[in-house]
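One structure is given here, and the rest of the page talks about it.
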Amino acid sequence: TGNGNDGTSTISRDTTRAYIGSASLKTVSTATGAPSYSYFYGNVGFTQGAIYTKSIYVRGSGSLEISGRINYTDASRDDGAVTTVVLTDSWQRVIPAAMTANGAKTISNQIILMQPTNLNASMIWWATCAQNELKAYATSYCDGTLGTGHAWLGSTHASASTRTAMRLLCDEGNRIS
(Lines give C-alpha, C1' and ligand atoms only; values in the text may rest on other atoms or scores of the structure.)
Protein backbone atom coordinates (compact mmCIF):
# COMPACT_ATOMS: atom_id res chain seq x y z
CA THR A 1 0.00 0.00 0.00
CA GLY A 2 1.13 3.52 -0.68
CA ASN A 3 0.63 6.62 -2.79
CA GLY A 4 2.39 8.57 -5.51
CA ASN A 5 2.02 11.23 -8.17
CA ASP A 6 2.79 11.98 -11.79
CA GLY A 7 2.43 14.80 -14.27
CA THR A 8 2.91 18.28 -12.87
CA SER A 9 1.71 17.67 -9.33
CA THR A 10 3.44 17.47 -5.97
CA ILE A 11 2.13 15.50 -3.02
CA SER A 12 2.63 15.83 0.71
CA ARG A 13 1.25 14.57 4.00
CA ASP A 14 -1.06 17.23 5.44
CA THR A 15 -1.99 17.13 9.13
CA THR A 16 -4.26 20.20 8.90
CA ARG A 17 -7.00 18.32 7.03
CA ALA A 18 -7.94 14.83 8.15
CA TYR A 19 -11.18 12.88 7.89
CA ILE A 20 -10.35 9.85 10.03
CA GLY A 21 -6.96 9.78 11.69
CA SER A 22 -4.45 12.62 11.72
CA ALA A 23 -3.49 13.31 8.08
CA SER A 24 -4.47 13.24 4.42
CA LEU A 25 -2.65 13.30 1.07
CA LYS A 26 -2.45 16.84 -0.32
CA THR A 27 -1.94 17.23 -4.08
CA VAL A 28 -0.90 20.56 -5.59
CA SER A 29 -1.20 20.79 -9.36
CA THR A 30 0.33 23.60 -11.40
CA ALA A 31 -1.31 25.25 -14.42
CA THR A 32 0.71 23.72 -17.26
CA GLY A 33 -2.03 22.13 -19.34
CA ALA A 34 -0.57 18.66 -18.77
CA PRO A 35 -2.69 16.26 -16.72
CA SER A 36 -1.68 16.02 -13.08
CA TYR A 37 -2.64 13.16 -10.84
CA SER A 38 -2.08 11.42 -7.57
CA TYR A 39 -2.91 7.83 -6.71
CA PHE A 40 -3.27 5.29 -3.95
CA TYR A 41 -2.32 1.68 -4.56
CA GLY A 42 -2.46 -1.67 -2.86
CA ASN A 43 -0.38 -4.75 -3.58
CA VAL A 44 -2.52 -7.49 -2.11
CA GLY A 45 -3.41 -10.97 -3.30
CA PHE A 46 -5.95 -10.96 -6.10
CA THR A 47 -8.55 -13.54 -7.01
CA GLN A 48 -8.93 -14.50 -10.67
CA GLY A 49 -12.15 -13.00 -12.06
CA ALA A 50 -13.12 -11.40 -8.74
CA ILE A 51 -14.87 -8.04 -8.54
CA TYR A 52 -13.15 -5.25 -6.58
CA THR A 53 -14.75 -2.01 -5.44
CA LYS A 54 -12.72 1.04 -4.51
CA SER A 55 -13.68 4.12 -2.50
CA ILE A 56 -11.94 7.27 -1.33
CA TYR A 57 -12.75 10.50 0.50
CA VAL A 58 -11.82 13.79 -1.24
CA ARG A 59 -12.16 17.54 -0.78
CA GLY A 60 -10.80 20.70 -2.43
CA SER A 61 -12.02 23.03 -5.16
CA GLY A 62 -12.64 22.48 -8.85
CA SER A 63 -13.37 19.17 -10.56
CA LEU A 64 -11.53 15.90 -10.18
CA GLU A 65 -11.70 12.73 -12.29
CA ILE A 66 -11.52 9.57 -10.19
CA SER A 67 -11.18 6.03 -11.51
CA GLY A 68 -9.81 2.62 -10.69
CA ARG A 69 -6.83 0.98 -12.31
CA ILE A 70 -5.53 -2.57 -12.18
CA ASN A 71 -1.89 -3.08 -13.21
CA TYR A 72 -0.63 -6.41 -14.54
CA THR A 73 2.74 -8.20 -14.54
CA ASP A 74 3.01 -7.92 -18.35
CA ALA A 75 2.91 -4.07 -18.07
CA SER A 76 -0.67 -3.91 -19.36
CA ARG A 77 -3.48 -2.38 -17.32
CA ASP A 78 -7.23 -1.99 -17.10
CA ASP A 79 -8.62 1.47 -16.42
CA GLY A 80 -12.10 1.76 -14.93
CA ALA A 81 -14.81 4.21 -15.86
CA VAL A 82 -14.12 7.81 -14.82
CA THR A 83 -16.28 9.49 -12.19
CA THR A 84 -16.11 13.29 -12.31
CA VAL A 85 -16.53 14.94 -8.93
CA VAL A 86 -17.10 18.62 -8.14
CA LEU A 87 -15.01 19.15 -5.03
CA THR A 88 -16.19 21.13 -2.00
CA ASP A 89 -14.59 22.11 1.29
CA SER A 90 -16.28 19.11 2.96
CA TRP A 91 -15.14 15.51 2.74
CA GLN A 92 -17.17 13.43 0.27
CA ARG A 93 -16.89 9.73 -0.44
CA VAL A 94 -16.43 8.71 -4.06
CA ILE A 95 -17.00 5.14 -5.24
CA PRO A 96 -15.80 4.53 -8.81
CA ALA A 97 -17.29 1.64 -10.81
CA ALA A 98 -16.31 -1.84 -9.61
CA MET A 99 -13.68 -3.71 -11.66
CA THR A 100 -12.90 -7.37 -12.34
CA ALA A 101 -9.28 -8.44 -11.84
CA ASN A 102 -7.29 -10.96 -13.85
CA GLY A 103 -5.79 -12.44 -10.68
CA ALA A 104 -3.26 -14.55 -12.55
CA LYS A 105 -1.26 -11.50 -13.56
CA THR A 106 -2.42 -8.68 -11.25
CA ILE A 107 0.28 -6.84 -9.32
CA SER A 108 -1.47 -3.73 -7.99
CA ASN A 109 -4.84 -2.10 -7.66
CA GLN A 110 -4.99 1.71 -7.78
CA ILE A 111 -7.37 4.61 -7.24
CA ILE A 112 -6.40 7.42 -9.64
CA LEU A 113 -7.29 11.05 -8.85
CA MET A 114 -6.69 13.20 -11.93
CA GLN A 115 -7.08 16.84 -12.80
CA PRO A 116 -9.29 17.00 -15.93
CA THR A 117 -7.05 17.24 -19.02
CA ASN A 118 -8.94 20.25 -20.40
CA LEU A 119 -8.37 22.23 -17.21
CA ASN A 120 -5.46 24.62 -17.52
CA ALA A 121 -5.50 25.91 -13.96
CA SER A 122 -3.74 25.36 -10.67
CA MET A 123 -5.61 23.20 -8.20
CA ILE A 124 -5.27 21.70 -4.74
CA TRP A 125 -7.08 18.63 -3.48
CA TRP A 126 -6.91 16.32 -0.48
CA ALA A 127 -7.63 12.59 -0.36
CA THR A 128 -7.79 10.02 2.43
CA CYS A 129 -9.33 6.72 3.50
CA ALA A 130 -8.64 4.89 0.24
CA GLN A 131 -10.22 1.45 0.36
CA ASN A 132 -10.20 -1.55 -1.99
CA GLU A 133 -12.66 -4.35 -1.30
CA LEU A 134 -13.21 -7.83 -2.70
CA LYS A 135 -16.92 -7.10 -3.21
CA ALA A 136 -19.21 -5.79 -5.95
CA TYR A 137 -20.26 -2.93 -3.65
CA ALA A 138 -18.63 -0.59 -1.12
CA THR A 139 -19.02 -1.09 2.62
CA SER A 140 -18.37 1.46 5.36
CA TYR A 141 -14.78 2.61 5.80
CA CYS A 142 -12.57 0.20 7.73
CA ASP A 143 -9.10 0.50 9.20
CA GLY A 144 -7.29 -1.21 12.05
CA THR A 145 -7.58 1.76 14.42
CA LEU A 146 -11.39 1.91 14.54
CA GLY A 147 -11.77 -0.11 17.73
CA THR A 148 -12.91 -3.56 18.81
CA GLY A 149 -13.13 -6.02 15.92
CA HIS A 150 -10.79 -4.02 13.64
CA ALA A 151 -7.14 -4.96 12.98
CA TRP A 152 -4.21 -4.18 10.69
CA LEU A 153 -2.66 -7.12 8.80
CA GLY A 154 0.76 -5.44 8.85
CA SER A 155 2.14 -1.95 9.50
CA THR A 156 -0.40 0.59 10.75
CA HIS A 157 -1.72 2.75 7.86
CA ALA A 158 0.53 0.89 5.41
CA SER A 159 -1.20 -2.46 5.06
CA ALA A 160 -4.59 -4.09 4.63
CA SER A 161 -7.04 -4.11 7.52
CA THR A 162 -9.89 -6.38 8.58
CA ARG A 163 -13.04 -6.21 10.64
CA THR A 164 -15.07 -8.86 12.38
CA ALA A 165 -18.44 -9.59 10.81
CA MET A 166 -21.39 -8.48 12.95
CA ARG A 167 -25.02 -9.61 13.02
CA LEU A 168 -28.00 -7.85 14.49
CA LEU A 169 -30.76 -10.04 15.89
CA CYS A 170 -34.19 -8.61 16.49
CA ASP A 171 -36.93 -10.08 18.66
CA GLU A 172 -39.88 -11.18 16.52
CA GLY A 173 -42.28 -9.05 18.58
CA ASN A 174 -40.27 -5.86 18.11
CA ARG A 175 -40.09 -5.96 14.31
CA ILE A 176 -41.29 -2.99 12.29
CA SER A 177 -43.22 -3.92 9.17
Atom pair [atom1] ([X]) and [atom2] ([Y]), whose distance is rounded to the nearest 0.5 Å:
X	Y	atom1	atom2	result
I56	W91	CD1	CH2	8.5 Å
I95	Q131	CD1	CD	9.0 Å
S22	D14	OG	CG	10.5 Å
W125	T27	CH2	OG1	5.0 Å
Y72	D78	OH	CG	3.5 Å
W126	S24	CH2	OG	7.5 Å

Heavy-atom closest pair, residues [X] and [Y]:
X	Y	value
A136	A98	O-CB, 4.3 Å
S67	A81	CB-O, 3.5 Å
V86	S63	CG2-OG, 4.1 Å
A50	L134	CB-CD1, 3.3 Å

For a 4.5 angstrom cut-off between non-hydrogen side-chain atoms, does [X] reach [Y]?
X	Y	answer
M123	V28	no
R13	L25	no
I66	V58	yes
T128	I20	no
R69	P96	no

Side-chain donor or acceptor of S9 paired with backbone N/O of S29 under 3.5 Å: no
Test item: T53 side-chain N/O and K135 main-chain N/O as donor-acceptor pair under 3.5 Å: yes
Listed once per pair and sorted, the salt bridge (Lys or Arg N to Asp or Glu O under 4.0 Å) pairs that draw on residues 50-63, sequence neighbours left out: R59-D89
Listed partners of T148 passing side chain to side chain donor-acceptor pair (under 3.5 Å), at least two apart: none
Counterpart residues, side chain to side chain donor-acceptor pair (under 3.5 Å), relative to S55 (two or more places apart): R93
Worked check of side-chain contact (heavy atoms from CB on, under 4.5 Å) between E65 and T83: CA-CA 6 Å; E65 295 177 345; T83 301; over 6 Å; no
From CA spacing to verdict: side-chain contact (heavy atoms from CB on, under 4.5 Å), K26, I11: CA-CA 5 Å; K26 178 181 181 181; I11 59 172; over 6 Å; no
Residues E133, T139; criterion side-chain hydrogen bond (donor to acceptor under 3.5 Å, both in side chains); working and verdict: CA-CA 8 Å; E133 303 181 70; T139 64; 2.5 Å; yes
Mutual orientation of the aromatic rings belonging to Y57 and Y19 [parallel < 30°, tilted 30-60°, perpendicular > 60°]: parallel
